Amino acid sequence: MSERNLADRLSTMNESATLTLNARVKQMAAEGKQVFNLTAGELADDTPEYIRAYVSGTLHVNKYTPVAGIPALRSQIADMARSYYGLDWIKPDNVLVTAGAKPALYVSFMALINPGDEVIVPIPAWVSYNKLVELAGGNVVEVPLNEDYDLDVAAIAAHITPKTKVILLNSPQNPTGAIYSKASLIKLAELLKNTGITVISDDIYSKLLYTDTFTAVPTIGFKHIIVISGFSKSQALTGWRIGYAIVDDLPLIKGMTGIISHTMGNAAVPSQMAALAALENNDTPPKETLNKLKVRRTEVLKQLDGIENLRFHTPEGAFYFFLDLRKITKDSAKWCETLLEKTGVALVPGEAFSAPGFARLTFVTDDKTLKTALSKLKAFINSTY
Ligand code: PLP
């Protein structure tokens with residue numbers, strides 16, 4: 001019997017580790033096991049009611065839209081982003097609406113990368129960046145962030161080669177919740193100013209902040225930039241699949257739109273409508289959501305502070321703590337597995353973020369579950385060293 005011939009790219013393809021783990025934990029719960037799921041990459045809240053109500057009144061709109069998105073939506077995203085970042089160049093023509101931030105990233109890499117080109121990814125980093133780059137034929141060059149999870153510009157400079165096409169930035173970051181300093185961003189902009197290297201700035205968490213001193217990457221004035229964002233995290237719209245790219249170059253966005261026109265097509269109409277509704281509010285996250293996150297972040301700090309041998313960065317944004325387990329275990333994947341088995345608490349091992357020795361904890365869970373999970377986690381840590 002002859003075997004099916006497959007594409008080489010499948011040999012290194014796997015499902016996103018966080019999605020797989022999240023599915024496993026849900027399956028365990030469905031089997032009646034007690035689980036405390038701290039692996040999610042999304043808010044626990046429902047999509048705000050006003051967004052759902054608006055969309056249900058627009059279901060008569062159901063044909064293809066322009067590939068780059070409904071003109072009113074492109075225009076409102078441009079207005080919001082122009083004022084949020086203070087960047088005059090952002091016009092509706094610079095906005096490409098996509099089915100979530102992931103396709104916006106994918107099409108950016110497809111439009112910028114030739115086989116063998118290099119993309120610098122500061123690590124720890126979100127699970128999908130490497131795969132997205134590899135799918136486009138690029139090579140990932142991982143450069144560690146410094147101890148405070150800030151950009152190490154000297155290390156980035158040392159890794160730039162004639163093949164470097166893109167530097168991927170993400171602030172606030174997944175998985176650490178850290179933000180880059182303004183000083184490091186200015187240094188990086190200086191380094192890149194006479195190059196053709198594009199900064200792709202993944203700003204998906206930029207509306208979930210716990211600090212007043214955040215400097216958004218696009219405000220720095222990078223010579224070539226694509227801003228990636230969306231409504232998944234700010235409005236609990238993960239399942240709706242709606243995001244966008246803001247591109248500083250019209251021929252480039254034309255090429256990206258061309259790729260989308262032959263592949264994914266326009267983002268689903270109800271999802272575009274949901275984004276329009278969110279923009280009536282400037283895509284500001286609901287106050288209750290932010291308040292809940294602040295309370296839960298404080299709870300994690302209170303419970304985990306002072307545990308011997310456990311280190312972590314206090315997140316300035318997003319909804320994650322990244323726990324440094326290196327003084328506790330040599331194998332964080334195995335450690336997370338045992339934690340789940342023994343206590344029902346699920347964390348994502350750092351291996352998923354190119355950072356073995358760490359684990360990511362999401363703090364979106366309701367207060368009672370979070371408290372119980374944290375006390376189990378604490379007891380487990382205290383018993384494992
Ligand atoms: N970028 C980062 C850093 C993320 O954490 C995620 C989702 O977890 C995404 C992009 C993807 O967003 P979306 O669900 O809108 O595709």
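Source: prediction; values computed, not measured. When a ligand or atom number is given, it counts from 1 through the structure's own listing order.
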Discussion item. Show, in sequence, the C-alpha distance, side-chain angles and deciding distance for Y180 and Y149, and conclude whether the ring pair (Phe, Tyr, Trp, His ring centres under 6.0 Å) test is met.
Written reply: CA-CA 7 Å; Y180 305 136; Y149 299 129; over 10 Å; no
Worksheet entry | Steps toward side chain to side chain donor-acceptor pair (under 3.5 Å) verdict (E341, T338) | CA-CA 5 Å; E341 225 170 76; T338 315; 5.7 Å; no
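In the vicinity of K102, heavy-atom distances shorter than 4.0 Å reach the ligand 1 atoms 11 (C), 16 (O). For ligand 1, the atoms sitting less than 4.0 Å from at least one non-hydrogen atom of N170 are 3 (C), numbered in the order shown with element in parentheses. Listed by number with element, the atoms of ligand 1 under 4.0 Å from a non-hydrogen atom of G100 are 15 (O), 16 (O). Below 4.0 Å from some heavy atom of Y205 lie the following atoms of ligand 1, by number and element: 3 (C), 4 (C), 5 (O), 8 (O).
Between A101 and ligand 1, at least one pair of N/O atoms sits closer than 3.5 Å. Checked by distance only, ligand 1 and Y129 stay at 3.5 Å or farther apart across all their nitrogen or oxygen atoms. Checked by distance only, ligand 1 and Y320 stay at 3.5 Å or farther apart across all their nitrogen or oxygen atoms.
The minimum heavy-atom distance between I70 and M273, with the atom names listed, is CD1-CE, 4.1 Å.
Ring-centre distance between F312 and F322: not below the 6.0 Å cut-off. Here Y205 and W126 keep their ring centres 6.0 angstrom or further from each other.
The closest approach between any non-hydrogen atom of F231 and ligand 1 is not below 4.0 Å. Within the structure, the closest approach of Q173 to ligand 1 does not fall below 4.0 Å when heavy atoms are considered.
Note: L374 CG to L38 CG = 7.0 Å, rounded to the nearest 0.5 Å. From K26, atom NZ reaches atom CD of E31 across 14.5 Å, with rounding to the nearest 0.5 Å. Atom NZ of K378 and atom CG of L304 lie 7.5 Å apart (nearest 0.5 Å).
The shortest contact between atom 16 (O) of ligand 1 and any protein heavy atom is with R241 NH2, 2.7 Å. Protein heavy atom nearest atom 15 (O) of ligand 1, with residue, atom name and distance: S232 OG, 2.6 Å. Among all protein heavy atoms, the one lying closest to atom 3 (C) of ligand 1 is D202 OD2, 3.3 Å. In this structure, the protein non-hydrogen atom closest to atom 7 (C) of ligand 1 is K233 NZ, 2.9 Å.
The proximity of E42 to ligand 1, defined as any non-hydrogen pair under 4.0 Å, does not occur for either the backbone or the side chain.
In this structure, K207 is positioned above the aromatic face of Y84, its NZ or CZ under 6.0 Å from the six-membered ring centre and within 45° of the axis.
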